[in-house]
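This report refers to the structure that appears directly beneath it.
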Amino acid sequence: MSQPFAALLADLEELEPVRRIGRLCGIGQGVVNVSGLGDRAQLGDRLTIRRAGAPPLQAEVIAVSPDGLTALPEGDASGCALHDQVFLRRDPGLAPDAGWLGRIIDPHGRPLDGRALPAG
């Protein structure tokens, strides 16, 4: 198969045909509670909270219970409201290697020094 089609097929395999949507069901002191994703999420998974009139907010799952998820937002949770949409983010597929030594990488896999990140 030619190179352009192979790259296109690889991109298509990354698409999610169905995307589960959770809902914000509680906002506490420094944490948010999410319903609808408890059967899919695990500790440490990343979430995106879609807020009305504000940029999306990233969060990390810190507890899983039969009632739902508890997540720690990565910033100011102002603008969050009950029933805001919450999406489970895909695993970024990071694989650190020796080329990462001495580098600072954020939780999303982006290098903070502005240089390209070698594949691991």
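- Within the model, atoms CD of Q42 and CG of L69 stand 11.0 Å from one another, a figure rounded to the nearest 0.5 Å.
- No continuous path of hydrophobic side-chain contacts links L37 to V31 [ILVMFWY only; heavy atoms under 4.5 Å].
- A heavy-atom distance below 4.5 Å is found between the side chains of V32 and P73.
- Under a hydrophobic clustering in which Ile, Leu, Val, Met, Phe, Trp and Tyr are joined whenever their side-chain heavy atoms come within less than 4.5 Å, directly or via other members, V34 and L72 fall into different clusters.
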Show the atom names and distances, to 0.1 Å, of all donor-acceptor pairs under 3.5 Å that link a side chain in residues 79-86 to residues at least two apart or in another chain.
unit_1 : atom_1 : unit_2 : atom_2 : d
D84    : OD2    : A81    : N      : 2.8
Q85    : OE1    : R50    : NH1    : 3.0

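- Minimum interatomic distance between P55 and R51 (heavy atoms only, all atoms of both residues): O-NH2, 2.7 Å.
- Residues F87 and L47 are not in side-chain contact: their nearest non-hydrogen atoms beyond the backbone lie 4.5 Å or more apart.
- Partners of D76 by salt bridge (Lys or Arg N to Asp or Glu O under 4.0 Å), not counting sequence neighbours: none found.
- With hydrophobic clusters built from ILVMFWY side chains whose heavy atoms lie under 4.5 angstrom apart, L24 shares a cluster with V64.
- Sorted by first then second residue, the salt bridge (charged side-chain N to carboxylate O under 4.0 Å, His left out) pairs that include residues 57-70, not counting sequence neighbours, are R46-E60.
- A side chain to side chain donor-acceptor pair (under 3.5 Å) check over residues 29-38, counting only residues at least two apart or in different chains, returns the pairs N33-T70.
- A salt bridge does not link R40 to D45: none of the charged nitrogens lies less than 4.0 Å from a carboxylate oxygen.
- Alongside I104, the hydrophobic cluster contains L112 (criterion: ILVMFWY side chains under 4.5 Å).
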